[in-house]
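Worksheet: the structure to be examined is printed underneath.
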Amino acid sequence: MSIFALIDCNNFYASCERVFNPKLEKKPVVVLSNNDGCVIARSNEAKKLGIPMGAPYYQWKYFCQKNRVHVFSSNYALYGDMSHRVMTILESFCSEIEIYSIDESFISFDQFKETDLFGYAKEIKQAIKMYTGIPVSIGIASTKTLSKIANHIAKKQSIEGIFSLTDAEIYEKILEKFPVEDIWGIGRQYSKKLKSYGIETAKHLRDADLKTLSRKFSVVVGKIIQELRGISCLPLENIIQPRKQIMSSRSFGRPVTDLAELEEALSHYTANACLKLRRQNSDANGIYVFLHTNLFNKKEMQYSNGTSYHFPIPSCDTSYLIHIAKICLRRIFKSGYRYQKVGMMLLDLTPKNLHQYDLLAIDENTRKKTLIKAIDHINETLGKNALFFCAEGIERAWQVRSGMRSPRYTTQWNEIPRVNCKI
DNA sequence: TCTGGGGTCCTAGGACCC
DNA sequence: TCTGGGGTCCTAGGACCC
C-alpha cells in the first residue's frame, strides 16, 4: 500500500500578506483577483464574516469597510516567491514530490513507512512555519483523493493541522460524514447528479457500483471511486510535464474601444506567453486570439469572437508571434464596441528538438534566435521588461488596476521591508 | 462603473477513409 | 422498398481543478 501526504498552505495569499505585516494577525484579510474583481483568498476571520469565495468585490466593498476587513490587490510576485520557498523546504524532506498548485503539494511517504508518519508531518509543518511564516495543513492517506479528504479534516477539525486516514475505524467514520460535493474531482454538476441517485456522502460513493457509475458519468468518477476504496489510480506526478497550451489574457482596467490599444495589450500578452514557451523549451504550432466585451453588462452591445492560425513552421519567436497575433486580431475586431478583454493561446506545443526545420531559412532562424536569447538574457539580469517590444506599448493605459497591492517584499530591491533599530 | 486567469482531461459527434 | 461496418482524427464543449 502507498502512503501519500498532501501539504496545503492555509489561506495562502492572505497568509503571505501576514508574514510581512504582522498587524494583520487575527484580523480579517481578503485578497482580490486581477483588477480587484473578485475575492480569491480569505483569512479565517474573513470567512467567519461570511464573505464568499469568488464574491465580486464591488458588492462587498461597503461590507469590508464596515467590518474593517484588510483588502489587498493580488501580488503574484510575492505569492510566487513564497510558494517557491515553501516547496524548496518540502523537497528537503522528501524527494518524491508533486507540486500540484501554487499552494499545495503531494508527497510520497512510501520511503518513510517504518517511521512515525504523524511525527514526521509535524516536523515538516514546523519547519515551513519557521522558515517562511506560512501555516500549512497536512493530510495523510493511502491515495491522493483520500489525502485530500484528510487535509480537509486537518484544516477544519484537528488542532494540530495534521490528520491521518490510515486507521480503518477513523476512515469509516470520516467517509460516512464527508459530503460528496467536497470530494476532489466532484464539482457542482456531478454532485447534483450523484445526489439524484441518492449518493450524498463519500461512503455512499465508495460503495456504489463502479461499472454503473463509470458508464453514467465518466472514467474520471470511476477512478475517484477506486481511490476512495484505497486503490491508488492517480500516481504521484513528480516529473514536470511541459504545458500543452499557454494562455495569456487580462481584463482591462477600463473598457477599450481603440484597435491600437487592443493591439498593444495583445502584443504584451503574446510576449509573456512566448517567454513561458521558451522557458519550457517548446515551440508553438498555432495561436488562438480572442476578444470580448463585458458579458455581464446587459445594457451594452455585446460582441465576442476568436480565431486561430496555424504556423507553417513551429516557432517561439516573439516578433513573429506578435505579427501573427495582430493579423488574427484585425480579422475579428469590429469597431464601435467597448471591449473588456483580449487574449491569446499558444496551441499544439511541441518540444524544440522534435521537428524539422526549413533548410533554406536556417540563416534567418539563427539570427532571430540569437536576438531573442539576448533579450531574454538582458531581462533576466536587469529585471522583467527591462527590454520589450515597442508593439507592447509604453503608456499602457489599458493595464490592470491593482491599487491595493502590498510591496513585492522579496523580489524587488527597492521594496524590501525596512527594520528600524535603535542602538 | 465595478464580476480573474490560468490549466487538464474526457466525450460526443462530424468528417473522412476503406 | 431496400442504403454496412468498422476505423481514425479532429474539434467543440463540458466537466473539473487551483
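Bear in mind the structure is a predicted one, so any value in this text is a computation, not a measurement. Lettering of chains follows the sequences in order, A, B, ..., and the numbering in each one begins at 1.
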Tell me the interatomic distance from Asn272(A), atom CG, to dG7(B), atom P, rounded to whole angstroms. 11 Å
Rounded distance (Å) that lies between atom P of dG4(B) and atom OH of Tyr57(A): 15 Å
What contact category does [X] fall into here, base, sugar-phosphate, or nothing, at under 4.0 angstrom with non-hydrogen atoms?
| X | result |
| --- | --- |
| Phe217(A) | nothing |
| Asn35(A) | nothing |
| Arg254(A) | nothing |
| Ile186(A) | sugar-phosphate |

Can you say whether the rings of Phe311(A) and Tyr309(A) are parallel (under 30°), tilted (30 to 60°) or perpendicular (over 60°)? tilted
Counterpart base for dC18(B), defined by Watson-Crick or G-U wobble contacts under 3.5 Å: dG5(C)
By nearest atom, which of the nucleotides [options] is closest to the [X] side chain?
| X | options | value |
| --- | --- | --- |
| Lys341(A) | dG5(B), dG4(B), dC18(C) | dG5(B) |
| Lys244(A) | dT8(B), dC18(C), dC16(C) | dT8(B) |
| Gln340(A) | dA15(C), dG5(B), dG4(B) | dG4(B) |
| Lys148(A) | dG7(B), dG4(B), dC18(C) | dC18(C) |

OP1 or OP2 of dT3(B) versus the side-chain N and O atoms of Asn294(A): is any pair under 4.0 Å? yes
Determine the sole option in Arg42(A), Glu17(A), Lys47(A) for which the side chain to side chain donor-acceptor pair (under 3.5 Å) test with Asn11(A) is passed.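 In the set Arg42(A), Glu17(A), Lys47(A), the residue that makes a side chain to side chain donor-acceptor pair (under 3.5 Å) with Asn11(A) is Lys47(A).
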Mapping Ile246(A) and Ser214(A) to their closest nucleotides on DNA chain B, which lands nearer the 5' end? Ile246(A)
